[in-house]
Amino acid sequence: MSSKGAAPPSAAAAGPPRRTQRRQQRVAAAVLLTPFTALLVGVFLVPVGYAIYLSLFSEDHEGLGFGGGRTVFTGLRSYLSVLEDPSFLSGFGTIALYCVIFVPLVVISALALGLLLDSGLVRLRRTAQMLVYLPHAVPGIIAAVIWLYLYTPGLSPVIKLFAQADITIDFLGLHTVLPSIVNIALWSGLGYNMIIFYAALQALPREVIEAATIDGAGGIRTALQVKVPIIRGSVVMVCMFSLIGALQLFTEPMLMNQATPMVNSRFTPNMYIYDAAFRRNNYGLASAASIILLIVTCVLSYIVTRWSGRRERRA
């Protein structure tokens, strides 16, 4: 018996229902996001929550302070104490000046090196990349110790060399200690940021560069008007990461605190937090300062992100 036409495919042959596909996608997304979520909760959210809890309490000692202390709820008193402390506000002023010097310097220098390597003018390109990146492989505390040796009068061969030319330089003086710290951070972070820019430049379509060359654009014009606008996202990312790192400045001034009176124990917000927690044993005050620093960092990161988003929409 002949059929008039082919039978329509069954629902099972057509594949699983759409609802089942969505459920499978959600399960797959949940599985992939579980490690990140666990890490986020364990490393970030739980410590932040505990810091907020500590900032709302303080230890109250009776009498002359020799008796056992009791934990009392103080609310926002620790936050008010931090915001009214001139040394904490002075630390933020120091960080603001540090950011104004360090962030543009590291971004522009790393971008210039990335463009130079991408241009093909540098011979032994891989060797040059390794030499520029090598300081980043040195741990921060080791880099700070090395540079502190070069900054210390009586020990530094650099200072002795300048002295032979009748040039006196005090790298740990009042007006030079902050540029000296910037130099350490620049020496350590320049190679890492250069690699980010170089990788972004290597991913550019070669057709765009060739079209600019055919149109008569020189090397500098191609770099500034063609390459840099295309990798704007990488530039914003490096700016934001450099800003966040600058706000967390701790290692370099902490070591210099032992070598010069120009760097006190509350030179930066992170040093203020360390001093409050481990020298004054005031964990509520240290936690409140940590939360304030976190809020400032998040706000500045948001401003940079919004600013870059508006520039991209205008472009």
Side-chain angles (χ1 to χ4, degrees), residues 86-114 116 128 130-195 238-239 241-276 278-279 289 293 297:
S87 60
F88 183 75
L89 300 179
S90 175
F92 262 108
T94 302
I95 281 295
L97 182 58
Y98 174 83
C99 290
V100 169
I101 300 173
F102 171 72
V103 175
L105 194 58
V106 71
V107 172
I108 295 174
S109 301
L111 183 58
L113 286 175
L116 183 62
M130 184 192 67
L131 292 177
V132 176
Y133 181 80
L134 191 60
H136 181 73
V138 179
I141 190 169
I142 302 301
V145 169
I146 293 173
W147 281 100
L148 183 59
Y149 165 75
L150 296 176
Y151 290 156
T152 303
L155 297 176
S156 171
V158 177
I159 295 179
K160 293 179 181 178
L161 184 63
F162 279 116
Q164 293 177 358
D166 293 332
I167 300 175
T168 303
I169 297 180
D170 184 8
F171 292 106
L172 303 178
L174 176 62
H175 301 292
T176 55
V177 66
L178 190 61
S180 298
I181 295 175
V182 170
N183 178 64
I184 300 175
L186 183 65
W187 182 78
S188 300
L190 183 61
Y192 176 78
N193 294 315
M194 181 270 295
I195 292 297
V238 170
C239 287
F241 286 173
S242 299
L243 179 63
I244 294 173
L247 291 173
Q248 298 174 358
L249 181 65
F250 177 77
T251 303
E252 295 85 355
M254 192 66 183
L255 284 176
M256 289 189 176
N257 179 34
Q258 310 297 325
T260 173
M262 301 305 167
V263 179
N264 56 44
S265 60
R266 306 177 191 178
F267 188 73
T268 66
N270 264 342
M271 292 181 66
Y272 180 94
I273 295 168
Y274 179 88
D275 179 77
F278 300 108
R279 292 179 180 172
L293 179 59
T297 303

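From a predicted model like this one, the values you see are computed outputs, not experimental measurements. The residues of the chain are indexed from 1 along the displayed sequence. Heavy atoms only: backbone and side chains are in, while hydrogens, waters and symmetry mates are out.
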> Walk me through it: do Leu243 and Cys99 pass the test side-chain contact (heavy atoms from CB on, under 4.5 Å)?
CA-CA 7 Å; Leu243 179 63; Cys99 290; 3.9 Å; yes
> Ignoring hydrogens, what is the shortest heavy-atom contact between Met256 and Ile184? Give both atom names and the distance.
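Taking every non-hydrogen atom into account, CE-CD1, 3.5 Å.
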> Enter the distance from Ser156:OG to Phe162:CZ here, rounded to the nearest 0.5 Å.
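The distance works out to 9.0 Å.
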> Rounded to the nearest 0.5 Å, what's the gap from OG on Ser188 to CD on Glu252? Could you check?
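CD of Glu252 is found 6.5 Å from OG of Ser188.
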> Is the side chain of Ser109 donor-acceptor paired with the backbone N or O of Leu105 at a distance under 3.5 Å, no angle test?
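Here the side-chain-to-backbone pair exists.
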> Any donor and acceptor pair, going by atom type alone, linking the side chain of Tyr133 with main-chain N or O of Ile195 inside 3.5 Å?
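Pair absent, no side-chain N/O of Tyr133 close to backbone of Ile195.
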> Who are the ring-ring contact (aromatic ring centres under 6.0 Å, His included) partners of Tyr149, not counting sequence neighbours?
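With neighbours one apart ignored, the set is empty.
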> Atom CG of Asn183 and atom CD1 of Ile101: how far apart are they, to the nearest 0.5 Å?
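Rounded to the nearest 0.5 Å, the CG-CD1 separation comes to 11.5 Å.
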> Which atom names give the shortest non-hydrogen contact between Pro253 and Val263, and what distance separates them?
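Looks like O-CG1, 3.2 Å.
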> Using 0.5 Å steps for rounding, measure from the CE atom of Met271 to the CZ atom of Arg279.
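Here the rounded value is 7.0 Å.
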> Measure the acute angle between the ring planes of Tyr98 and Phe102, then classify it against the limits of 30° and 60° as parallel, tilted or perpendicular.
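Taking Phe102 first and then Tyr98, their aromatic rings lie parallel (interplane angle under 30°).
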> Taking all atoms of both residues into account, what is the closest heavy-atom pair of Cys239 and Val103, and its distance?
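Residues Cys239 and Val103, closest heavy atoms: O-CG1, 4.2 Å.
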> Measuring from His136:NE2 to Leu190:CG, what's the distance to the nearest 0.5 Å?
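Here the rounded value is 11.5 Å.
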> In terms of heavy-atom contacts, does OH of Tyr192 have more than 12 from other residues, nucleotides or ligands at under 6.0 Å?
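12 or below, so no.
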> Quick one: pull up CG in Asp275 and OG in Ser265 and give me the separation to the nearest 0.5 Å.
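It comes to 4.0 Å.
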> Let me see the working for Leu293 and Phe92 under side-chain contact (heavy atoms from CB on, under 4.5 Å), right down to the final yes or no.
CA-CA 9 Å; Leu293 179 59; Phe92 262 108; 3.9 Å; yes
> Above 12 or not: heavy atoms from other molecules or residues under 6.0 Å from CZ of Phe250?
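Yes, enclosed.
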> What pair of heavy atoms forms the shortest contact from Asn193 to Ser242, and how long is it?
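Shortest heavy-atom separation between Asn193 and Ser242 comes out as ND2-OG, 4.1 Å.
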> Under 4.5 Å between any side-chain heavy atoms of Thr94 and Phe267, yes or no?
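Yes; the side chains approach each other to less than 4.5 Å.
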> Would you please test Ile159 and Phe171 for side-chain contact (heavy atoms from CB on, under 4.5 Å) and show each step?
CA-CA 9 Å; Ile159 295 179; Phe171 292 106; 3.8 Å; yes
> Output yes when a side-chain donor or acceptor of Thr251 lies under 3.5 Å from a complementary backbone atom of Gly140, and no otherwise.
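Checking the backbone N and O of Gly140 against the side chain of Thr251, no donor-acceptor pair under 3.5 Å is found.
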> Considering residues at least two apart in sequence or located in another chain, which fulfil the side chain to side chain donor-acceptor pair (under 3.5 Å) criterion with Ser87?
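Once residues adjacent in sequence are excluded, the partners of Ser87 under the side chain to side chain donor-acceptor pair (under 3.5 Å) criterion are Asp85, Arg266.
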> Give the C-alpha distance, both sets of side-chain angles, the deciding distance and a yes or no for side-chain contact (heavy atoms from CB on, under 4.5 Å) between Leu247 and Ile95.
CA-CA 6 Å; Leu247 291 173; Ile95 281 295; 3.4 Å; yes
> Counting only heavy atoms from other residues, nucleotides and ligands, does the tally under 6.0 Å from CD1 of Ile141 exceed 12?
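Counting other residues, nucleotides and ligands, CD1 of Ile141 stays at 12 neighbours or fewer.
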> Identify the heavy atoms of Leu113 and Val132 that sit nearest to each other, and give their distance.
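Heavy atoms of Leu113 and Val132 come nearest at CD1-CG1, 4.0 Å.
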> For the residue pair Leu255 and Leu148, what are the closest heavy atoms and their distance?
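Shortest heavy-atom contact: O-CD2, 3.9 Å.
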